[in-house]
Amino acid sequence: MIRILHQIFRTGVVTEPLPDSVEAEIAVIGALLEERIRKTFHRSLTIRQVDAGSCNGCELEIHAMNNALYNCERFGIHFTASPRFADMLLVTGPVSVNMEIALKRTYMATPNPKLVVAVGDCGCDGGIFGESYASLGRISNVIPVDAHIPGCPPTPASLLSGILKVIGG
Ligand code: SF4
């Protein structure tokens, strides 16, 4: 225990702060998100993230929205493990053939009214994987999509900004 404490004090804080420009951008987007979520979603926008077959690059950026730097929970954005509690599906793609049924079932299990957002170039238009024997391509080939957040992968700032646009901010 003592050795761990020594190690902690010796190492100090190694987390890099966000660049000032990104910090300022997040503050603006965050304030708008908070206001919009308070008015429209009773302070809590609940998201179910679905990986329909991505390379996981998009997931890393989506996870980053929850880290100490971006901390999307402070704006009222929460992730849930169950589609039954979700207001929004954040889907990365392309949709692999093996994920088609799971994605359709997740869509059906999400209560109306629901928002579906295709994330990443692969989710928006199939990206570098396109359509093949193993891939059904874009998310909208499988379930109805309300909005797109392009990028390979989109940054946490683009994701937050895209979510803001989707909810009418
Ligand atoms: S958009 Fe880029 S990062 Fe996202 S799943 Fe496709 S290849 Fe990966």
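Just so you know, ligand 1 is whichever comes first in the structure, and atom 1 is the first atom listed for that ligand. The analysis underlying the following values was restricted to heavy atoms, covering all of them including side chains, and did not include hydrogens, waters or symmetry mates.
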Asker: In terms of residue, atom name and distance, what is the protein heavy atom nearest to atom 6 (Fe) of ligand 1?
Answerer: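 Of every protein heavy atom, C122 SG, 2.2 Å lies nearest to atom 6 (Fe) of ligand 1.
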Asker: G57 heavy atoms, cut-off 4.0 Å: which ligand 1 atoms fall inside?
Answerer: 3 (S)
Asker: Hey, what do you get for CD1 (I29) to OH (Y70), rounding to the nearest 0.5 Å?
Answerer: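 Rounded to the nearest 0.5 Å, the CD1-OH separation comes to 10.0 Å.
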Asker: Does a donor on one side chain and an acceptor on the other come within less than 3.5 Å for S158 and T155?
Answerer: yes
Asker: Quick one: CD1 on I47 to CD1 on I62, what's the gap to the nearest 0.5 Å?
Answerer: 8.5 Å
Asker: Would you mind listing which atoms of ligand 1 come within a distance below 4.0 Å of any non-hydrogen atom of G93?
Answerer: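 The list of qualifying atoms is 5 (S).
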Asker: Is the closest heavy atom of G123 to ligand 1 under 4.0 Å?
Answerer: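 Contact absent.
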Asker: Determine whether any heavy atom of P154 lies closer than 4.0 Å to an atom of ligand 1.
Answerer: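 Contact check P154 vs ligand 1: negative.
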Asker: Is there a donor-acceptor pair closer than 3.5 Å between any side-chain N or O of K114 and the backbone N or O of A86?
Answerer: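 A pair under 3.5 Å: no.
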Asker: Are any N, O or S atoms from C58 nearer to atom 4 (Fe) of ligand 1 than 2.8 Å?
Answerer: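 C58 does place an N, O or S atom closer than 2.8 Å to atom 4 (Fe) of ligand 1.
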Asker: Roughly how far, to the nearest 0.5 Å, is CD1 of I37 from SG of C72?
Answerer: 8.5 Å
Asker: Has D121 got any heavy atom lying under 4.0 angstrom from an atom of ligand 1?
Answerer: yes
Asker: Which ligand 1 atoms does G151 reach within 4.0 Å, using its non-hydrogen atoms?
Answerer: 1 (S)
Asker: Among protein heavy atoms, which lies nearest atom 2 (Fe) of ligand 1, and at what distance?
Answerer: C152 SG, 2.3 Å
Asker: Hey, could you give me the CZ/OG1 distance between R84 and T46, rounded to the nearest 0.5 Å?
Answerer: 15.5 Å
Asker: Roughly how far, to the nearest 0.5 Å, is the CG atom of N98 from the OG atom of S135?
Answerer: 11.0 Å
Asker: Where is the nearest protein heavy atom to atom 8 (Fe) of ligand 1: which residue, which atom, and how far?
Answerer: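 The closest one turns out to be C55 SG, 2.3 Å.
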